[in-house]
Every structure is written in C-alpha cells, then in structure tokens.
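I have placed the structure first, in the form of structure tokens, so that the comments after it can refer back to it.
Each chain gets a letter, A, B and so on, in the order its sequence line appears, and its residues count up from 1.
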There are 4 protein chains.
Amino acid sequence: MPKNPKSRGGRTAGGPRATARTAAKPAAARPAAAAPTGTLPSERRDHLVSLSAELFAEKGFRATTVREIADAAGILSGSLYHHFSSKESIADEILSKFLNEVLTDYRAALASGGTPREVLETIARTGFSSLERHRAAIMMLQNDWNYFREQPRFDYLQKTLAEVERIWIGELKRGVKDGTFRADLDAKLTYRLFRDTIWVAVRWYRPGGRLSTKQLADQFSRILFEGVIA
Amino acid sequence: MPKNPKSRGGRTAGGPRATARTAAKPAAARPAAAAPTGTLPSERRDHLVSLSAELFAEKGFRATTVREIADAAGILSGSLYHHFSSKESIADEILSKFLNEVLTDYRAALASGGTPREVLETIARTGFSSLERHRAAIMMLQNDWNYFREQPRFDYLQKTLAEVERIWIGELKRGVKDGTFRADLDAKLTYRLFRDTIWVAVRWYRPGGRLSTKQLADQFSRILFEGVIA
Amino acid sequence: MPKNPKSRGGRTAGGPRATARTAAKPAAARPAAAAPTGTLPSERRDHLVSLSAELFAEKGFRATTVREIADAAGILSGSLYHHFSSKESIADEILSKFLNEVLTDYRAALASGGTPREVLETIARTGFSSLERHRAAIMMLQNDWNYFREQPRFDYLQKTLAEVERIWIGELKRGVKDGTFRADLDAKLTYRLFRDTIWVAVRWYRPGGRLSTKQLADQFSRILFEGVIA
Amino acid sequence: MPKNPKSRGGRTAGGPRATARTAAKPAAARPAAAAPTGTLPSERRDHLVSLSAELFAEKGFRATTVREIADAAGILSGSLYHHFSSKESIADEILSKFLNEVLTDYRAALASGGTPREVLETIARTGFSSLERHRAAIMMLQNDWNYFREQPRFDYLQKTLAEVERIWIGELKRGVKDGTFRADLDAKLTYRLFRDTIWVAVRWYRPGGRLSTKQLADQFSRILFEGVIA
DNA sequence: AATGAATGAGGCTTCATTCAT
DNA sequence: TATGAATGAAGCCTCATTCAT
C-alpha cells in the first residue's frame, strides 16, 4: 500500500546530486538511466520523456507546447499530468540525466591521471559523443538557457556548469604551467571556446550524417589543439 | 500575424537588398539614449528599435513581450503599433541591418585580394567586432533561429547565411589548395567551427568587460589558426 | 457527475429517511483508525468516509480533491470509485447521517413535553454537542451550502432545515405567548441567531480544546437566554 | 509619460495599512474608496469590481469563474486581465476596502471614550450596517476563509481580525471589571458569539427585505446584551 | 502619437471520473 | 479491490494585435 502512490513527476529537488555511481565509465547504453529518486521508471513514462526530448530538441523547450507532446503520444494534453507534474519536470528529467553524466565523465577523465592534453582530449571526445544521446539536453541548454537560468528549480544547471568550468580551467592552467600549452593562453577564454565549440555543434550535427561523432571529434580536436595552419 | 498587414513605417518585406551603404556605419552606437522629447519621428522610431534590441538580446525575441518593450519606452503596448506593424517587423529591422553589414564586410574582405588566411582573419575580426554593435541580432539568430527559419518573411536570413558559408568554404579550400591550411581539413566542418566560435561568444561577451573584442579576436584567431599547443 | 450513475455501495438517493436510530450513538467517534488490513468491506468503507469527513471539515468539500482522500487512504484516486459512485455520494453519507440525527434530536426534545425554554435549551445543547461528532457535516453545510443547495440530490438538506426552523419558531412563539420570552421578540430573527450561533462555532471549536461542548453550551445558553448584562 | 503605465491590479501589498484617514467617521458614501496606491480608479474598473463582488457574494470566490465575471461584464475573460492582474487581486480590492473600514470604525468607537457597553454596541451596530455595503467581503471571508488564510498575499486579513479580537476582548474585560457585564463571562467566547452573530447574518440578510439593518441591530443587540428572557 | 479597452487564440494545469487489466 | 492510464471539461492566465477616441 503505497503511502504516496503518485509522486507525479518524481524527482523533486532535481539535478546532479552525488548519484552513487562507481568510477567505471558507464557512459554508453544506459537505456533508462539511474532512476531518479522515487520514480518508478515505467516504460510509458520513459517513452513520453523521449518524445518530449525530441520535440524540445527540434523546436526548443518553450516553443514546444504540452499539446504537441500529447499529440505525439496520442493522448490528451491533460493526460500528461498523470505522469509528470509539469512541463518543467520533463525538462528536469532530461537535463539532469545529461548533467549527471557530464559530471561523471569529467570526474572520470580527471581521475584517469593523464596529462592535461590527455584529460582535455578525453573530455572533448566524450562531449562530442554525447551529442547523439543528449541532443535534446544540449539543445535546451542553449536555446532556453535564459528560461532555465532564472528558475530556482534549475539551479543545479549553473552549479554543474561551474564545476565543468573549474575542471577545464584547472587543466588548461596545468597545461600552461608544464609547457604543454602556449604561455599566452587565456584559460577562461579558451575554456569557452572549447565548450561552445563542442556543444554548439548540436545545432547542425545529425546522427547518421556524413560524419560520425568520432570523426567530428578528431577534426575538431586537431584544429583546436594544433590549429588549422599546415 | 496582422490581419491587415499595414506597412506603416519603413521597411516592409525586410532583408538585405543592396542597400547602398558606404563603409561608414550610419545609425549605430546610440546605446540607450535617454527618453527623447521633441525628437524627430525617425529618431523616436530608432529609439524604440534600440530598446527592443536590448530586450531581445537579453531575453530572446520570443521571450520578450511587446509590453516589455512598451514599458521600457514608457508607453502602452498598443502604441507600439503606430511605429511598427508587428513585433516581427522590429526583429526584421534589427536582423536585416546586421545581415546587410555582414554581407558588406565579407564582400569587402574578399575584394581586398589578400591570401586566404588574410581574408579569413579579416572576416573573423569583423565578426568579433560586430559582437558589440549587433549583439541583439546575433543573439536572436541563435536563440530564435527555429522561429525565424520557418517564416517566409525571414527567408533572407538563410540566403545570406548561405552566401556567408560559400565565402568561407571558398577561402578555406583555396587555402588548402595553396598549402596554407592542412590538407586534411574538412572545409564545411571548419567553417562551422569558426562561425559558431565567433557568434556563440555573444552569449557571454559583455562590452566593457575584461577583454575588448580586439583581444578576443586575437586570442581566438591564434587558437583557431595555430592551435593551443606550444 | 457520473455518466452512468451506479449505486455501488450503500445509500443511493441519500437523505434522512426515518432511519430507526436508538439514542445510543452508533458509528461515531472513530477518530482516525490506523489503516485497517483484513477489515470487513463495510469497515473499509466507513474508514474512507471518516477520512473524507476529516478532509472536508478541514478544507471544505469542493476544495478537497478525490486524490487527497485517496492519498490519505493510501490508494489511488480511481480506486475510490469501487466504494463510492461519486464524490457527492461521500458527502451525502456524511450529511444525511447528521441531518437524520438532528431531526431525531429535535423530535425527541419536542416529545419530551417541557416548557419552551426547556425544549429550546435541550435542542441548543444537543446542537453544541454535535459539534464534535458532526464537525464535517456542519462545516460542509456552511462552506459549501451554495453548492449543495443547487443539486436535486441534496434537496433533503433544505427540507430538514425547514423542519428545524418550524420547530424553533414554534417553540419561540409558544414561549412568547406564555410570557417566557420577551413580547417583542422577532421569532424568525431569533431562530436564526440561535441556529447560526451554534453551528458557526464549528469554525473555531476544536475538540479537546480549552472548553468542552458542555461548557460552550452553558456559556452560550446563558448569554442567549439571559443576556450579557449583569 | 508614465513610467509604469499599467500597474495592472494596482494594490500590490494589499491590506489595511495605516491609511491616513482622519478620526471622523467617514464610513458611508466613499464611492471609490481611498484609491489604493498607484491605482487610478477608473470607472470601468470599479464597475468590474462591483460585478465581481456580486458574483463572489452569490457563489463564493472560488466557485466564481473569471469567465462568469467577464460574461457579466460583456467582455471576454482574457480582457479582465487588462484591469486586474489576477482573480485574487479583485478579491484583494474588495476585502481590503472592507477591512480598512472595519478598522477605522473600531478605532473610532474606541476613541469615542464611551462605556464598554456603548463602545461594543456602536461596534455591533456599525457591523450590522456594513452588511449592506460589504456583503461580498463578509461572505467571502466566511465561505472562502480556508482559501485566503493560506495565501501570504492575504495575511492582512488575519492581522486585522486579530486587532478586532483585541478590541472586543479588551472592552468585554473592561465591562466585566466595572460590573457592567456578568462576572462569569468568558471574554473570548463572548467575542466570538458577537462577531459570528453579526457576520453570519450576511448569509440570509437581504437589503430591502423585511427588516432594515437598524432593526436587525436593535433586535440582536437586545438579545445579546439582555437575553431573550422576559 | 498616444490611450484605454478589448479580442481571440492559445498556453499550462486541475480534477472528477472511467475502464481494461 | 486495486492499479495505471486515460478522458474531457473546465479553470486561470498571456499575449500580439486592433481600434475608437
């Protein structure tokens, strides 16, 4: 007899919180992802999140109406609220899944003990490879950042991004100190260049297109690390 | 969409049509002009456009309501329609001004007859320098691209962007052929990397901040052309 | 309103029909009984009614959602419909039980053959004492009267209240005639004053508080019958 | 040039705040009442508040839909938001007007320096006389108390009611001490009896009915102060 | 040029109820 | 008896736009 049989929307506090996950990089196929606290990951629900993600990626979060999501699922818009407490909670689910993974990936790369260039290249590569699995999240972070930024519920976005920045800048500075990178490198600027370069690619990257994410990563890494000059 | 699309005010159909513009930037940099009294009609109008641009840059085009614009101008939202036929027409004004300038700059760079690296560096630099003057336009192009893309009225955006791409790719290929650039460069990918790198900076670049657009351009150009490796 | 009004469970049409009730109060005071397992069907049902009553008393009938009731019972809202045909039918059960008792009490008082003051004081005292057992019903009658009043299903409310009024006014007039009460008493007004005084107390009266219903009845009876003047 | 031409809804903080009003009792005809801060009391707006008040009085605040209000006004429901920022803000306007007046009346009665009985009788009489002008507010306070109580916006309701209680209890105790009232009077209980008696009358009192509020006040005052016994 | 009032379409959300399993 | 999923009607509110004055 469930005391709270309908924890509509599931995750309440949202965001990447020390999800006890082993160091082993489990980045790939995790079909339904570590079920957020208190959420019984029903297949129906997961399906709805998927559909929503696709729409959010295509049109943006704000520009997507709950009616469109419901239409895509073949139900009435009100019925969505049987599964989620709000449109935001769907976004939350999509975004926190991504950010959790980002954090895990970054920390694993750091923990690997490589050189700055190795660490950053690993990070960059996992970044590119997430373009496929987390297209919607990355898209939303870019298109609707203004919206999410202002909602307390999504504070974790900024917190996670701050840690991401810390890691990048740390490695960049380490690389400058040990002579790997140019001495005149502005760490913050370079971080932004890399981060944006990777994530903005979500705008035009299409899975199954001319280039795989691996090829993408190769080309971009080479340019960013070694420049375009022959 | 206006039922009775009046063409009150200036440009109706919008878009970069050979607007004979000399190199001197005409109407630009009038940052936030205090509420004008007894101003010329066109000055009032320009003021409104510039207020709108600021809001669009800060919150996005769709996310900005006409009431917010009107509030900023100290009038009622309905009164805006004495100056513009629609919210879109304000966007149009902002976007087409920018795209006209882009085209002019690109063509001028091409016409200069420099080496591929010189041409592209010039283009990149003018791109960075436009972050200040055209912050709103660049922001809108990124945040609300999905919206503008689908409206026939804004077809010119895609046309202009296509020409921009043609120029970049042309120069990149020329540079590969003459040995300036790496032989393994994917021209399209590289073009996107450069373009996005420049324009996405609008997200965090703030005029009057730590770095001038010139310093920005220096750092970025160096990384993109020569890489981060020492 | 149910499309197919089933009469699942007990009373269908509701209302105080000579339910032969002895003086002993039968089903009362079962404050909040821990979730019963292996209970008889009717006990389960009674439990649900009593949970509902508590919620109705606290928040009002309309303001209480079936989900809140279901949550309190540890089931899903849809499951309630195995016990009751509608939310109204729960209200019906609560209200008719109360009104039946009121009628019984009033008639018993009348039948006792006392003086007008004795009859009315008895009635007033049973009124106060019902504040505990019928808190929900009295609350609903006040907060949601507008709602119940308009539903044919609850016509019995008005009928019962009309009889209550008849009895009060009858005794008041009898008391005026025999010189017990002031000659200038407006019977209808006085009836309303007494009735409201008693029932409105449900708003602030809390069982187990500073005063028992008996003390309440003593104070109020004294004021109403004898005034506050020393 | 108004900086904030549309302070939709006007009163922001709501409630009876030391509205600089002279001691002179100006209770009666104050057509548009001390214009809440920043509200230009347009006639249209006042009319809409009136219409709303009538509906709120008849059906309750929650039970009245914005559509009903709009229908009554012959406009679309969305158009209401040109005048008010929310349904609550209409309630706020109605309630705070009433509570402001209550406070003024109570303080004036206190300031008159009469005996406890005189003060309380004055208060009671102004209470009855407000049944006409403030029917909606009193009704809402009773029917939708549960709703308003929980909204921070309406905190002032509880504050005002607390002061009302303080005044009543003060006078009652003063009257007990000086021998005017019975020694065994429970001040709090008596206060409630009086308060409820007056305000609950709004349920059945109809202006223009058999009795004027003055007659009502006479009858009730006599009963409450002197009892019903001859 | 503006105001003040309104429109009409659409957005998110709630809720009593139904029903197959 | 429950669950899980859905319905359908309705509720409050937003917003670009129109228009008489």
>> Can you work out whether C:T64 or A:V66 has the more 5'-proximal nearest nucleotide on DNA chain E?
In response: A:V66
> If you pin A:S77 and C:S79 to their nearest nucleotides in DNA chain E, which one's is more 5'?
Replying inline: A:S77
>> With a 4.5 Å cut-off on side-chain heavy atoms, are D:K59 and D:E68 touching?
In response: yes
> Looking at side-chain heavy atoms only, is the closest gap between B:F84 and B:L48 below 4.5 Å?
Replying inline: yes
> For E:dG4, does either OP1 or OP2 sit under 4.0 Å from a side-chain N or O belonging to D:H83?
Replying inline: no
> Closer than 4.0 Å, any side-chain N/O of B:H82 to the OP1 or OP2 of F:dC19?
Replying inline: no
>> Just to be sure I understand the rule, does A:T65 reach a base, reach only the sugar-phosphate, or reach nothing, if contact means heavy atoms closer than 4.0 Å?
In response: sugar-phosphate
> For A:L76, which contact category applies under a 4.0 Å heavy-atom criterion: base, sugar-phosphate, or nothing?
Replying inline: base
> Which residue lies toward the 5' end of DNA chain F, B:G78 or C:L80, if each is placed at its nearest nucleotide?
Replying inline: C:L80
>> Judged by each residue's nearest nucleotide on DNA chain F, which is more toward the 5′ side, B:F61 or D:E68?
In response: D:E68
> Can you tell me how far P of E:dA16 sits from NZ of C:K87, to the nearest Å?
Replying inline: 5 Å
Return the nearest nucleotide to the side chain of [X]; candidates are [options].
X     : options              : answer
C:S86 : E:dT17, F:dA2, E:dA5 : E:dT17
A:I75 : E:dT7, F:dA6, F:dA2  : F:dA6
C:E88 : F:dT7, E:dT17, E:dA6 : E:dT17

> Which word best sums up how the rings of A:F56 and A:F61 line up, parallel for under 30°, tilted for 30 to 60°, or perpendicular for over 60°?
Replying inline: perpendicular
> Which base sits across from E:dT7 as a Watson-Crick or G-U pair, both distances under 3.5 Å?
Replying inline: F:dA16
> Hey, does the side chain of C:R45 reach the backbone of C:H83 with a donor-acceptor pair shorter than 3.5 angstrom?
Replying inline: yes
